[in-house]
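Input: a single structure, listed below in structure tokens.
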There are 2 protein chains.
Amino acid sequence: MNELENYISTFFGISGSDVKNVASYFKPQSLQKGEYLLKPGKIGRFLSFQRSGLIRFYTNSQDAEVTQWISDSGNFVADLSGLIFDLSSRTSIQALTDCELFTISKEDYSTIGQIIPKWHELEKLFIARAFLFMEERIFSLLSMNAEERYHWLLNHNPSLFQYVPLQYLASMMGMTPETLSRIRRKNLNS
Amino acid sequence: MNELENYISTFFGISGSDVKNVASYFKPQSLQKGEYLLKPGKIGRFLSFQRSGLIRFYTNSQDAEVTQWISDSGNFVADLSGLIFDLSSRTSIQALTDCELFTISKEDYSTIGQIIPKWHELEKLFIARAFLFMEERIFSLLSMNAEERYHWLLNHNPSLFQYVPLQYLASMMGMTPETLSRIRRKNLNS
DNA sequence: AAAACAGCTTGATAAAAATCAAGAAATTGC
DNA sequence: GCAATTTCTTGATTTTTATCAAGCTGTTTT
């Protein structure tokens, strides 16, 4: 089992010929730092597996950019509104660093559903996990102050703090860079 | 097509004998004001369609209760972590008013998946819609101040403001009842 | 009808976080 | 290696929101 097959097997809980079959649709893709996977107004007709690098999801809101999430290697990257519903995106998806991906087009993605009977169920589970994660995030935003959210993210995604510019992490946690900087100073020991 | 069949048809985009088939698994259920559909630590092995009444999802956090969402009639109600993954809930689901539901057990729910081939795909679409809604909520929490969030909810779910105690709406929007009260006074005209 | 209660509002104050402005540190480009 | 640029930090101040405390309003209970 190669790298991609291994990831697919882990994420979707399938094995044997199914893995090989699914994996065969994914094509290697490289992104340079700053390059866009998706821009607002376009339809994100793809699903990518992130092999290396950092990818930022953000939205332009009035004057400021709101970073919604930063994905690191080992994750799948997609705009669900485009992939599932063919809706144009409000979100930008941009490479923060050079990235290596395995990407499947929406067309091939749909084909899998016709070939592997339980694909839709696996997708369902996959999306349901994402939903539960979003639910947790909402809870953190509703119930925690800035410092608690900082600790929450530090626990859930410690690796982000090693590589991602702090301004983006601040935005993602719903605070200003200055506030994050002060929280970090206060927590130098931990 | 009766009331329930009509709802199912709308939500899942199916028709004919499939609707009748799916609908036949749902059983009427009544809840009295204050009664619980689910308590923390229990596994939510059900999916309910809400025919009337108001249902509150909330979590006990340290000292305070955090209202995560309030569902009104015409929606489906479930704890995905229980329904899909058999995980025990951290959330309480409680009737804010007397409610009439149509409820299906997890067992019957699983049966549908075996009988109607495209059921998993419909579920997928259903959950994906929920995911996108959560994404919007996160965006509102990240990018808006209290007053903007108030207007956002007022636009997205005006009916909630007619029937739901304001303290719960305040919590759901991530602000205190006092703050919501002041925002409302400021916006009496609109 | 009075008492008790729940929900909402109001005002005063405190705490949290944003903003503004400047400078330090790190990174990038040449 | 140095200049230019970006990112991060720090301090002073303002704004936003929470907290605390009291009172108001309407409803339910007895």
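Residue numbering restarts at 1 for every chain, and letters A, B, ... go by the order of the sequence lines. Hydrogens, waters and symmetry mates are skipped; everything else that's a heavy atom, side chains included, is used. Since the model is a prediction, treat every value here as computed from it, not as a measurement.
- Distance alone, capped at 3.5 Å, is enough to place a donor-acceptor pair between the A:E5 side chain and the A:N2 backbone.
- Note: CE (A:M175) to C1' (D:dT9) measures 16 Å, nearest angstrom.
- Cation-pi contact between A:R90 and B:F139: present, with separation from the ring centre below 6.0 Å and deviation from the ring axis of at most 45°.
- With hydrogens and angles disregarded, a donor-acceptor distance shorter than 3.5 Å links the side chain of B:S52 to the backbone of B:E100.
- The separation between A:L96 atom CG and D:dT7 atom P is 10 Å, rounded to whole Å.
- Although no hydrogens or angles enter the test, the distance criterion places a donor-acceptor pair under 3.5 Å between the side chain of B:S110 and the main chain of B:K106.
- One finds the CG atom of A:L96 at 11.5 Å from the CG atom of A:L31 (value rounded to the nearest 0.5 Å).
- In this structure, the CG atom of A:L180 is 12 Å from the P atom of D:dT10, given to the nearest Å.
- The aromatic rings of B:F126 and B:F76 stand perpendicular to each other, their planes meeting at an angle above 60°, with 30° marking the opposite boundary.
- Residue B:T176 places no side-chain N or O under 4.0 Å from the OP1 or OP2 atom of D:dT17.
- Note: CD (A:Q167) to P (D:dT6) measures 11 Å, nearest angstrom.
- Under 4.0 angstrom from either OP1 or OP2 of D:dG11 there lies at least one side-chain N or O belonging to A:R185.
- Rounded to a whole Å, the CG atom of A:L142 is 14 Å from the P atom of D:dT17.
- Along DNA chain C, read 5' to 3', the first and last nucleotides having any atom under 4.0 Å from a heavy atom of chain B are C:dG7 to C:dA12.
- Taking the six-membered ring where tryptophan is involved, the planes of A:F49 and A:F102 are essentially parallel, since the angle between them stays under 30° and well short of 60°.
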Under 3.5 Å, which N/O atoms of the protein pair with N/O atoms of nucleotides 20-25 of chain D?
unit_1, atom_1, unit_2, atom_2, d
D:dC20, N4, B:E178, OE2, 3.1

